[in-house]
Amino acid sequence: MRRRLLMLRENVVLAWDTLVAHRFRSFLTVLGIFIGVVLVVAVASVLNGFRQTVVDQVEQFGTNNVYVYRMPLVNLGRLSREMRLRKPLRLEDAWAIRDQCPSVELVTAGISAPGFLTRAVHGKEEVDSPRLRGVFPDNVEVANRVLASGRFFTDQENEHRAPVVVLGHAVAEALFPHGDPVGKQILLAGRKYTVIGTLEKRKEGPFGAQNEEDTLFLAPYYTVRRFYPGLEDHFLAARARSGRLEQAIDEIVQVLRRQRRVRWNEDDNFEVGTANTLIAAFDDIVFAALAVMFLLSTVGFLVGGVGVMNIMLVSVRERTREIGLRKALGARPSDILGQFLIEAVVLCAIGGGLGLLCAEGLLLLVGALLPDLAAVTPWWARGFAFAGSAGVGLFFGLWPAWKAARLDPVEALRYE
Amino acid sequence: MHAAPAPDEVIRTRGLVRSFAMGSATVHALRGVDLVIRRGEYVAIMGPSGSGKSTLMNLIGCLDTPTAGEYWLEGQPIASLGEAELARIRNREIGFVFQTFNLLPRASALRNVELPLVYAQMPPAERRRRATEALQKVGLGDRLDHRPNELSGGQRQRVSIARALVTNPALLLADEPTGNLDSKTSHEIMLLFEALHREGHTIVVVTHERDIAEHAERVVTIRDGAIASDERQPRPVRP
């Protein structure tokens, strides 16, 4: 083992000397691998940063929350007939969860008013297609909302269907560019509401995109019901007791199956999600993008690999006499094989290493110019890029190295 | 009689044949050579080009394997060995000196001399010590870090001799060692060989030059792939 390491060190030093002696040629050879590595790391970093902002956004609601929807939130392709025909979630379902699920600490329900073709107006300022939600006061707690000014509405205001509203950060800025909105009146889809509070800004989405939560108008549930009596599809959100998320999910599923009269042999006709399942659904999209990137980078690596093989064949030919000499002095075929294989691997690894450095520099530059991109290089991208380039050297160096190892010492020594 | 080599025999060949296929024809480079070289002998193998002396040298040097016949080096049968074993034998038992020196151009003299020890998998410190000793022995103790292009032809051949000696081989095998040197330098190199001979090294020099061969104590002449003559000279010529 010690001897093998000795030989390995010998070969790495030798490879380094050879590559330094042919700096320019070596660099041109690994250009393909270099670019492949830069691409892998850059794209992976941007995607990872993208994912991280989504994770932050989702986790801002709390990681102990369980959300119930009629339809899946992320759905690739068309909804099935079964999904389209699902009956709505009702307010009674929320009360059933509250009464029958010991692992659930809080449960809240809400409805969304149709905002299409309506406006929210204050003075000369307008917001098109406002997103009005009717919620219960404990929505503040379940969704981890923080008030920037004023207050949230009370149970009394809810019971009495008071026309009050709490504004998301973005709509507050849009309707009240100067001055405090609290106490002012706005016109929302033709009805008057009094603004009683505004919310803190939520985390931005990928590429600095606005968080949808910042565009909400939150009004008491029964107020919205009064104005829109036809709304029947609710969204439910529950907060599990600390450390009992799994039990809470099980209990909620059991209660909802009973409430919605799902037979024992039928699948759930509703969707239950947590921060983790939302992130996992999003990860499917990230993964698809990564798969495409890996495919493309593989093409780059293959092209680079062919270049490496070519230059290694040239190198073996140029150094035929040297190979003959080494054999005469006692190099076994396996020693020669190792020498050229390691040379190819070192060549590619250096190309890959330079690519990593270049990618870091590029990301620093991009980070300085576009701070919203929030690229974060994941460790596995560095690992994949580096191992990939070394692997290319190993694979494409094999044939030239084998040719070198098979050379006949007499012929090789005579080679001019 | 089945030839078991005697203990003092470095080389014993019996009926050594080497043929090459040249297209459809077969060229017989060696047609049955029987040769014994004892420990401490200084032998010149002579012959015109095409006589088969290079083929014989390649076989003796374990760079090539015979088509037929047998070969013992230091009592070990060689003819049937595989490549890896031949490499090991070349590494331990044979020191090559080439006409064109065959030094690695980008490596220092020391590094060149260390090369066989690398393949003997010797630790670096030990390697360095022995290579330094070998270079001192050929009078280049002050040129350890010079590269081949910083050395004269004679010095380069000395480096190559040091490289051949560094493993302490059973046989020093020189192929036209003075072929690329002027006559004065050639003379110096031949004096070095004589000194090594006096120290007890077994030396085989392959040459086509009469006056080089005359330095040896025994001259084997090859003609048409067979030994034409095998003469002992009373004593080496000392000009």
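Here the structure is a predicted model, which is why all the values come from computation and not from measurement. Just so it is clear: chains get the letters A, B, ... in the order the sequence lines come, proteins before strands, and each one is counted from 1.
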Around [X], counting heavy atoms of other residues, nucleotides and ligands shown, do more than 12 lie under 6.0 Å from its [atom1]?
X	atom1	value
A/Arg317	CZ	no
B/Arg39	CZ	yes
A/Phe395	CZ	no
A/Asp17	CG	yes

For chain A, which residues of [range] have heavy atoms nearer than 4.5 angstrom:
range	value
residues 16-32 of chain B	none
residues 113-128 of chain B	B/Leu115, B/Pro116, B/Val118, B/Tyr119, B/Gln121, B/Met122, B/Pro123, B/Pro124, B/Arg127
residues 74-87 of chain B	B/Glu83, B/Ala84, B/Ala87
residues 43-64 of chain B	B/Asn58, B/Leu63, B/Asp64

Just give me the residue among A/Arg332, A/Glu322, A/Arg9 that pairs up with chain B most often, heavy atom to heavy atom, under 4.5 Å.
-> A/Arg332

Provide the closest heavy-atom pair for A/Ala328 versus B/Phe96 in the form atom of the first, atom of the second, distance.
-> O-CE1, 3.3 Å

Atom pair CG (B/Leu104) and CZ (A/Arg319), whose distance is rounded to the nearest 0.5 Å | 9.0 Å

At a heavy-atom separation under 4.5 Å, does A/Glu411 approach chain B through its side chain, its backbone, both, or neither?
-> neither

What part of A/Ser334 lies closer than 4.5 angstrom to a heavy atom of chain B: side chain, backbone, both or neither?
-> neither

Between A/Leu329 and B/Arg90, is a side-chain contact (heavy atoms from CB on, under 4.5 Å) present by the stated rule, with each step listed?
-> CA-CA 6 Å; A/Leu329 298 185; B/Arg90 289 197 291 269; over 6 Å; no

A/Leu325 backbone acceptor or donor facing B/Asn102 side chain under 3.5 Å = no

Considering only heavy atoms, which portion of B/Arg92 lies under 4.5 Å from any heavy atom of chain A: side chain, backbone, both, or neither?
-> neither

